[in-house]
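Take a look at the structure below.
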2 protein chains.
Amino acid sequence: MNWQKQLSDLGFRVSAPRKRVMAVLESAQQPLTPLELHQTLLRDHKAIGLASVYRTLGLLSALGIVEVVYRSKGEMGYMAAAQGHHHHILCQECQRAVEFSGLEDLSELIDHVENQTHYQVRDHLLQLYGLCPECQSKHADEKE
Amino acid sequence: MNWQKQLSDLGFRVSAPRKRVMAVLESAQQPLTPLELHQTLLRDHKAIGLASVYRTLGLLSALGIVEVVYRSKGEMGYMAAAQGHHHHILCQECQRAVEFSGLEDLSELIDHVENQTHYQVRDHLLQLYGLCPECQSKHADEKE
DNA sequence: AATCTTATTGATAATTAATTTCAATAAACA
DNA sequence: TGTTTATTGAAATTAATTATCAATAAGATT
């Protein structure tokens, strides 16, 4: 189910500003802050009010259509959410983010922690940080 | 090595405001935001300027003496950092946070993701969320 | 296609959070 | 005990987010 149907089925309108926000997020390679998203739209002459950017991100992330990704120093960015359970790995140089699936790999860890702490685990936050293939090549080049 | 020695070895001063911030963090059971920390100190008549709270948290977290923990809705809180590599599990009801170690359990996942994405993994963010033992009991009581 | 209803928008104001500035203070050391 | 200077507190500044409200337009109805 696409996000437009999801919205209208719930009685929300598929407005031009919402389409514009999703268009940017769907083509972005990296998580964007509300301010960056707003700047991007202004630069592309797709006018939108800043408040609407915040409102749209709030709504769409509440519905799971977009999701929050933590960038290096604690800034929160937004990405269009893909299907199913997944996490992100971010490049520390170019900020490019890609998804990986990893629920299976965590179940062992979670069992372990439940036994260790006696907490009941219900949710988790997992992101990896590193270097994307392109930035690895650049580093290798510089050393030559 | 304690944080005071660590600071002075690096040429930083062990000032009263810094001691006060650390005292609060070391006795706290949950991550505190800068504003909460400031409120706590004011309430306890341990006067401190708000700017100094921010400055102290900035310095101490840069040195690894305190660390950032993400609370439920994306707020960042600070905790006194324990020795060695570890992560946190937070109670979604009472916010109490405890540590768990889990580097070994992740190495498999990391290998997996490196192969899958061709990123080179250098760092990670992992937190679990759930119910602490006390809050589990409360829930059980309510159902009787 | 024209009309109606009302969710949504944009602009602005208000609020909240974080940072900067700078004279006064107090750690650390001689 | 005095000197040096990193650090502090208070206030000003900047940045980020949320609330307000009349105007607009999405979607349903005719």
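Hydrogens, waters and symmetry mates play no part in the numbers below; they use all other heavy atoms, side chains included. All chains are named by letter (A, B, ...) in the order of the sequence lines, taking the proteins before the strands, and each is independently numbered beginning at 1.
Here Asp111(B) pairs with Glu114(B) under the side chain to side chain contact (heavy atoms under 4.5 Å, CB included) rule; sequence neighbours left out. For Tyr129(A), the side-chain hydrogen bond (donor to acceptor under 3.5 Å, both in side chains) criterion is met by Gln127(A), not counting sequence neighbours. By the side chain to side chain contact (heavy atoms under 4.5 Å, CB included) test, Arg96(A) pairs with Gln29(A), Cys94(A), Cys132(A), Glu134(A), Tyr119(B), sequence neighbours left out. For Asp9(B), the side-chain hydrogen bond (donor to acceptor under 3.5 Å, both in side chains) partners two or more places apart in sequence, or in a different chain, are Lys5(B). Applying the side-chain hydrogen bond (donor to acceptor under 3.5 Å, both in side chains) rule to Glu75(B) yields the partners Arg71(B); only residues at least two apart in sequence or on another chain are considered. Evaluation of the side chain to side chain contact (heavy atoms under 4.5 Å, CB included) rule for Gln116(B) yields Phe100(A), Ser101(A), His112(B) as partners, not counting sequence neighbours.
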Can you pull every protein N or O that's under 3.5 Å from an N or O on nucleotides 26-28 of chain D?
unit_1, atom_1, unit_2, atom_2, d
dA26(D), N3, Arg13(A), NH1, 3.2
dA26(D), N3, Arg13(A), NH2, 3.4
dG27(D), OP1, Val14(A), N, 2.8

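With axes fitted over five pairs at each extremity, the angle between the ends of the helix from dA1(C)-dT30(D) to dA30(C)-dT1(D) is 50° (10° resolution).
Within residues 21-34 of chain B, no residue has a heavy atom under 4.0 Å from DNA chain C. Within residues 38-69 of chain A, the residues having any heavy atom closer than 4.0 Å to DNA chain D are, in order of number, Leu50(A), Ala51(A), Tyr54(A), Arg55(A).
Screening residues 51-63 of chain A for side-chain hydrogen bond (donor to acceptor under 3.5 Å, both in side chains), with sequence neighbours left out, gives Ser52(A)-Arg55(A).
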Identify each donor-acceptor pair in which a side-chain atom of residues 84-93 of chain A lies under 3.5 Å from a protein atom, sequence neighbours left out, and give them as a table.
unit_1, atom_1, unit_2, atom_2, d
His85(A), NE2, His87(A), NE2, 3.4
His85(A), NE2, His124(A), NE2, 3.1
His86(A), ND1, Gly84(A), O, 2.9
His86(A), NE2, Glu67(A), OE2, 2.8
His87(A), NE2, His124(A), NE2, 3.0
Gln92(A), OE1, Arg122(B), NH1, 3.1
Glu93(A), OE1, His139(A), NE2, 3.2
Glu93(A), OE2, His139(A), NE2, 3.3

